[in-house]
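Chain identifiers are assigned alphabetically (A, B, ...) following the order of the sequence lines, protein sequences preceding nucleic acid strands; residue numbering begins at 1 within each chain.
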Protein chains: 2
Amino acid sequence: MTKGASLSEIHDAALQRLRQSDQRYTPNRRKLVETLHEAPHPQPIGSVLEQAAGLAQSSTYRNLTVLENAGVVHRIVTGDDHARFELSEDVTGAHHHHLVCTQCGNVLDVALSDQLEDLIHSELALAAASKGFNGQHHRIDLIGECVTCV
Amino acid sequence: MTKGASLSEIHDAALQRLRQSDQRYTPNRRKLVETLHEAPHPQPIGSVLEQAAGLAQSSTYRNLTVLENAGVVHRIVTGDDHARFELSEDVTGAHHHHLVCTQCGNVLDVALSDQLEDLIHSELALAAASKGFNGQHHRIDLIGECVTCV
DNA sequence: ATTTATGCAAATCGTTTGCAAACCT
DNA sequence: AGGTTTGCAAACGATTTGCATAAAT
């Protein structure tokens, strides 16, 4: 599934963000970005390595961390013990949340209305402030069973 | 910080749930429940072991898993690499969400209004249904910095 | 010429597991 | 007795890291 932004727009955004972090946009990193762009939903490292043939596992971990720190990639940790990766919202421009399958660990993207997002954001901000907590962003997961696991 | 339900109510609820899973409520498990009940927020295993002196680490992992499967305890996996545990909402009776500190990994509890919870629930259910996803419950985290880390 | 990225193999560390002794009913 | 729980020590496995080579500036 192709996201809203085109691949070249995404490469541009990635390049820009990496430069801001004094990082290079190497062929391996480009390949990671392309692989994640083509994936229909967040991918565990195993799948990424299968898709982007030729990448070493350790370099992939390292590059995903670089891309994460630069804000190009987002790491999703659910509890089943493989982290999953997707392009960051800053790069795709699409704020969304996740459906997490308790059986297979798969993660799907889902969006809520802007109106509801605003309500959530402001109520969370209020609650956080009362505890001196400085909130930066929220994440919402719906836990359940995906269509192939029911 | 003591939760709404009294300790004996919590022990009763725990006992009942364990029995439904054909599990015993052993002294070690009672000690874990008490420790979590007394804790002001979700605790990593390290803290649990400090609080409930004398427990072996491996037995504690095993018992927390038993308690989790019985629905007495809830495991929180954030991404900083220590799982954290708290009494389950089914036992405490208090639905809530989490503030997660990106610096120290600490997790604080926070509640939203019932009205907002309903809105979130129904919009998530709708979005999930469109993907054939069978949603069971949601979790919401506010990511940011806690008062001691800012 | 330096600095940075890569890939291999080895190390790390939270968590899980094997097993024999202690515990319950 | 028969099954469960415990604690120790060993195993596990996803991720990280050391190091020597290759690539980039």
If the cut-off is 4.0 Å, is B:Asn28 near the phosphate of D:dG7, judged by side-chain N/O to OP1 or OP2?
yes
Out of D:dT6, C:dT15, C:dT6, which nucleotide sits closest to the side chain of B:Arg29?
D:dT6
Choose from D:dT5, C:dT6, C:dT15 the nucleotide whose nearest atom is closest to any side-chain atom of B:Ala83.
C:dT15
Decide yes or no for [X] and [Y]: does some side-chain heavy atom of the first lie under 4.5 Å from some side-chain heavy atom of the second?
X        : Y       : value
B:Pro42  : B:Ile76 : yes
B:Asn106 : B:Arg84 : yes
B:His74  : B:Phe85 : no
B:Arg75  : B:Val77 : yes

Please classify the nucleic acid contact of B:Gly46 as base, sugar-phosphate, or nothing, using heavy-atom distances under 4.0 Å.
nothing
Of the residues in residues 57-66 of chain A, which ones touch DNA chain C at a heavy-atom distance under 4.0 Å?
A:Ser58, A:Ser59, A:Arg62, A:Asn63
Within residues 68-81 of chain B, the residues having a heavy atom closer than 4.0 Å to DNA chain C are B:Asp81
Mutual orientation of the aromatic rings belonging to A:His138 and A:His121 [parallel < 30°, tilted 30-60°, perpendicular > 60°]
tilted
Counting only heavy atoms not in A:Asp118, do more than 12 sit closer than 6.0 Å to its CG atom?
yes
Tell me: [atom1] of [X] to [atom2] of [N], nearest whole Å?
X       : N      : atom1 : atom2 : result
B:Leu55 : C:dA22 : CG    : P     : 19 Å
A:Leu67 : C:dT6  : CG    : C1'   : 15 Å
A:Asp22 : C:dA5  : CG    : C1'   : 15 Å
A:Leu18 : D:dT25 : CG    : P     : 13 Å
B:His82 : C:dG14 : NE2   : C1'   : 7 Å
B:Leu32 : D:dG7  : CG    : C1'   : 14 Å
B:Ile45 : C:dT16 : CD1   : C1'   : 12 Å
A:Arg24 : C:dT6  : CZ    : P     : 9 Å

State, to 0.1 Å, how close B:Val150 and B:Val147 come at their nearest heavy-atom pair, and which atoms those are.
CG2-O, 3.3 Å
Would A:Leu32 and A:Leu64 count as a side chain to side chain contact (heavy atoms under 4.5 Å, CB included) if you check the C-alpha gap in whole Å, the side-chain angles of each, and the deciding distance to 0.1 Å?
CA-CA 8 Å; A:Leu32 286 176; A:Leu64 285 172; 4.1 Å; yes
Nearest 0.5 Å, please: how far is CD1 in A:Ile143 from CG in A:Leu99?
9.0 Å
